[in-house]
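Please read the structure below before turning to the comments.
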Amino acid sequence: MIRAPRGTFDVLPDDAARRRTLEAHAERILGAAGYGQIETPTFEATELFARGVGEATDIVRKEMYTFDDGGGRSLTLRPEGTAPVCRAYIEHGMHKLPQPVKLWYLSSFFRAEAPQRGRYRQFWQVGAEAIGSAAPETDAELIVLLADLLGAVGAKGVRLRLSSLGTPETRAEYREELKLYLHARESRLSEDVRERIDQNPLRAFDATDPGTRDVMREAPLLLDRLDPQDAAHFAQVRELLDTGGVGYEIDPSLVRGLDYYTRTVFEFESDVLGAQSGVGGGGRYDGLMEELDGPATPACGFAAGVERMLLAAGEPPAPPDHVDLFIALAKPNGAGTGFELSRAARRAGLSAQLELAGRSLKGQLKHADRIGARYVAIVGDDGHVSLKDMESGQQRELDAADVVQAVRKP
RNA sequence: GUGGGCGUAGCUCAGCUGGUAGAGCUCCGGGUUGUGGUCCCGGCGGUCGGGGGUUCGAGUCCCCUCGCUCACCCCA
C-alpha cells in the first residue's frame, strides 16, 4: 500500500472544517488590523533561505528539501515564510507604498525533521509581517494580534515568553563576550554546546545538561548589554503589553532559531502540547531586508503553527451536518425525477442529497437519518412524491414540483 | 541520526504457559413484499506489518527488516 510520505498527513473533511474556521479567525483578526493576504511560491531559490534564514541554523544546515530544477538552478521547498515575504516586498518595490506594509499568509512549509507530536515535514503556519515600521507599537500590536488569534481559536494553557536580542551591533559585541565566557569554561560544557560556541553561542542558554546549565547561570545576559535605544524600545513594548493587560514573562534565554531576529523576540507556548510546546512566535528583523539586497527596512512579524494551535485547542464539538433534503428512490424508475428534484432543490439554496448507492428503501431512510436530513422525499411512480418530515415522522403526498417549496418553509 | 513504546477486520481492540483467527463499532441485507432512529438475525471484511528460523503445529517463541508513535535535538 502506498502511504502518505513520512511526516505528512491527509486533511480529512472533519479536520478541514476546523482549519477553515481557524483561517476565518485569522482573516477576520488580521484583516481588521489592516493586514492584506499574500501568497508566495511553494519553492524559492535556495539562496533566499541560505542568506535569509542563516547558514548556521539547523533549518539551512540539515532540514531543507532542496532540489535541482533540471536547468542548473537550486530550488528549495520553503521552510519558513518571512524570507519569501521580504523577497516579494523587494521584488515588487513595496517600499514605495505607504509604510508599514502589513501582510499575512496561511501557507504550508517544509522541513526534513523527525516527525513527532505537533511536528511534521509539511506543516501549515499563519504568519503576519509588518514591514517598514520600527515603532515598538508594531511589535506590541503583532503580539496582541497573535494573542487574539490564539484566544479565538481556543488554544489552552497558553503563556507568553518575551525578550530582546538588541541590534546587530550590540548583539555582535555580546556574542563575542559570551564566546569568551564559554571558551573559558569549555570543559564544563556539553559536547554539543562546545562545538557550536563560535557558530551560535546563544544556543547554550537552551541546554539541558547540568554542567552547561551551571555555567549559564553566571553567564552575561544580552538584556543587560542592550544599548539605550534598544532598552528603550524593549521597555516601550513591555509598557504597551502591561497597559493592554497582556501577561508575559521575561525570558533572557529565549532564542529563536532563525538568525535574522533583532530586538524583540517572543514565543507563545502551550503546556498541553507535549515536547513541541511552541504554538507561535516571532519578533523583529530589522536587518533581514538588507541581507536580501533590499533597502534598509525595519520589520516585525510572527508565525503560528496551524496544527499546534488546533492541538492546543483540543477537540471541538462536531459541527452538525446540515442536510435539508434527502431524495430516496422507492422504485428504480424514479431516478430521473429524483435527479431533477435534487437540482431544483440546490438551485433554491437547499442542501440536497440524492440516493447514489442503490440501497433498499429501508436502507435509504436509515442513511437519511444518519446524515441528519430534515426531510426525505420518497420518489415513487409517475412523479409522485411522499415527503417525510424526519423529526415528526409525518408524511404527505405531493407532486414533485411542490417539494422544494414545502421544504423551504417548514 | 539516537532511544523507548506499538504494529491482529475500514475504526477501537481482545486473543492465557504455541493447538484450526474473535468482539464492538461502521457498512450492506433481512425481520417490516415501498418507510429511519430502539431491538433481533445474517452478511461483507484479515497474506495477524514483511522475511527468515525453531516446532508435528507460530498471531503467540527467536533473529532480521519495514512502518507508526513518543522523546532527544530543533522548532510552528
Side-chain angles (χ1 to χ4, degrees), chain A residues 1-9 12 53 56-63 78-82 106-127 146 149-150 155 190-193 195-196 200 203 206-209 254-258 267-270 273-282 301-312 326 328-334 355 357-381 384-395 397:
Chain A
M1 179 174 45
I2 299 172
R3 318 175 55 122
R6 183 171 167 77
T8 69
F9 53 88
L12 302 180
V53 177
T57 61
D58 278 13
I59 290 175
V60 172
R61 293 202 315 167
K62 53 188 183 184
E63 295 173 2
R78 58 186 172 197
E80 60 95 50
T82 300
L106 193 164
S107 313
S108 63
F109 299 93
F110 306 83
R111 292 182 199 172
E113 295 189 271
Q116 63 187 77
R117 181 176 167 81
R119 189 172 74 187
Y120 304 95
R121 292 184 168 180
Q122 179 180 9
F123 57 99
W124 276 256
Q125 287 184 339
V126 173
L146 181 49
L149 177 60
L150 293 173
S190 72
E191 189 183 338
D192 205 51
V193 171
E195 280 177 357
R196 301 191 64 182
N200 198 345
R203 191 84 62 187
D206 281 346
T208 49
D209 71 284
L254 177 58
V255 176
R256 309 226 83 238
L258 297 80
E267 179 157 304
F268 286 88
E269 296 190 333
S270 170
L273 284 190
Q276 306 305 318
S277 59
V279 222
F302 72 69
V306 168
E307 293 76 32
R308 291 189 187 176
M309 287 191 278
L310 293 175
L311 265 178
F326 183 81
L329 305 176
K331 296 270 169 55
N333 62 13
E355 166 64 12
R359 278 177 280 250
S360 67
L361 185 60
K362 173 177 176 168
Q364 294 177 60
L365 268 295
K366 183 178 242 183
H367 179 68
D369 185 53
R370 287 192 172 142
I371 64 175
R374 286 167 51 224
Y375 286 92
V376 174
I378 301 165
V379 179
D381 297 319
H384 239 79
V385 174
S386 297
L387 185 63
K388 178 164 186 149
D389 182 325
M390 291 299 277
E391 188 157 355
S392 66
Q394 289 180 342
Q395 188 169 321
E397 307 295 315

In whole angstrom, give the distance that lies between atom [atom1] of [X] and atom [atom2] of [N].
| X | N | atom1 | atom2 | answer |
| --- | --- | --- | --- | --- |
| A/L311 | B/C75 | CG | C1' | 14 Å |
| A/I59 | B/C73 | CD1 | C1' | 13 Å |
| A/Q122 | B/C75 | CD | C1' | 17 Å |
| A/D58 | B/C72 | CG | C1' | 13 Å |
| A/Q276 | B/C75 | CD | C1' | 6 Å |
| A/L365 | B/G34 | CG | C1' | 9 Å |
| A/R121 | B/U69 | CZ | C1' | 14 Å |
| A/E267 | B/A76 | CD | P | 7 Å |

Quick one: on RNA chain B, does A/R117 or A/E397 contact a more 5' nucleotide (nearest heavy atom)? A/E397

First encountered from the 5' end of RNA chain B, between A/Q125 and A/D389: A/D389

Let me check I have this right: for RNA chain B, each base becomes ., (, ), [, ] or |, based on Watson-Crick or G-U pairs with both distances under 3.5 Å. What is the full string? (((((((..((((.....[..)))).(((((.......))))).....(((((..]....))))))))))))....

Rounded distance in Å between the [atom1] positions of [N] and [M]:
| N | M | atom1 | value |
| --- | --- | --- | --- |
| B/U17 | B/C11 | C1' | 32 Å |
| B/C41 | B/U47 | P | 28 Å |
| B/U60 | B/U2 | P | 27 Å |
| B/A23 | B/G18 | C1' | 23 Å |
| B/C62 | B/U55 | C1' | 12 Å |
| B/G4 | B/G45 | C1' | 34 Å |
| B/U26 | B/G67 | P | 34 Å |
| B/G46 | B/A14 | C1' | 15 Å |

Residues passing the side-chain hydrogen bond (donor to acceptor under 3.5 Å, both in side chains) test with A/R119, sequence neighbours excluded, are A/E113, A/Q116

To the closest 0.5 Å, what do you measure between [atom1] ([X]) and [atom2] ([Y])?
| X | Y | atom1 | atom2 | result |
| --- | --- | --- | --- | --- |
| A/L311 | A/Q276 | CG | CD | 10.5 Å |
| A/M309 | A/L150 | CE | CG | 6.5 Å |
| A/Q122 | A/R6 | CD | CZ | 15.5 Å |
| A/E80 | A/S107 | CD | OG | 11.5 Å |
| A/T57 | A/E63 | OG1 | CD | 8.0 Å |

Give me the one residue out of A/V379, A/I378, A/V376 that meets side chain to side chain contact (heavy atoms under 4.5 Å, CB included) with A/V385. A/V379

Indicate, with a heavy-atom threshold strictly under 4.0 Å, whether [X] touches base, sugar-phosphate, or nothing.
| X | result |
| --- | --- |
| A/G118 | base |
| A/E80 | nothing |
| A/V279 | sugar-phosphate |
| A/F109 | nothing |
| A/A373 | nothing |

Proximity to the side chain of A/A275 - top-ranked nucleotide from B/U35, B/C72, B/C75: B/C72

Among B/C74, B/G36, B/G34, which nucleotide has an atom closest to any side-chain atom of A/A330? B/G34

Could you list the protein-to-nucleotides 26-31 of chain B atom pairs, N/O on both sides, closer than 3.5 Å?
from  : atom 1 : to     : atom 2 : distance (Å)
B/C27 : OP1    : A/R370 : NH1    : 2.9
B/C27 : OP2    : A/R370 : NH1    : 2.3
B/C27 : OP2    : A/R370 : NH2    : 3.2
B/C28 : OP1    : A/R359 : NH1    : 2.5
B/G29 : OP1    : A/S360 : N      : 2.5
B/G29 : OP1    : A/S360 : OG     : 3.3
B/G30 : OP2    : A/S360 : OG     : 3.3
B/G31 : N7     : A/K362 : NZ     : 2.9
B/G31 : O6     : A/K362 : NZ     : 2.9

Short side-chain to backbone donor-acceptor contact, [X] and [Y], under 3.5 Å:
| X | Y | result |
| --- | --- | --- |
| A/E267 | A/G281 | no |
| A/R78 | A/S108 | yes |
| A/E355 | A/A357 | yes |
| A/E307 | A/F123 | no |
| A/R121 | A/T8 | no |

Would you list the pairs meeting side chain to side chain donor-acceptor pair (under 3.5 Å) in which at least one residue belongs to residues 384-393 of chain A, sequence neighbours left out? A/S386-A/E397

OP1 or OP2 of B/A71 versus the side-chain N and O atoms of A/Q116: is any pair under 4.0 Å? yes

Smallest separation among heavy atoms of A/F326 and A/I371, with atom names: CD1-CD1, 3.8 Å

Does the side chain of A/S277 reach to within under 4.5 Å of the side chain of A/R308, using non-hydrogen atoms? no

Close side-chain approach of A/F109 to A/P79, heavy-atom, < 4.5 Å: no

Distances under 3.5 Å between protein N/O atoms and the N/O atoms of nucleotides 43-49 of chain B, please, pair by pair.
none

When you compare the protein's N or O atoms with those of nucleotides 64-68 of chain B, which come within less than 3.5 Å of each other, and at what distance?
from  : atom 1 : to   : atom 2 : distance (Å)
B/C68 : OP2    : A/R6 : NH1    : 2.8

By a 5.5 angstrom centroid cut-off and a 30 degree plane limit, is there stacking between A/F123 and B/A76? yes

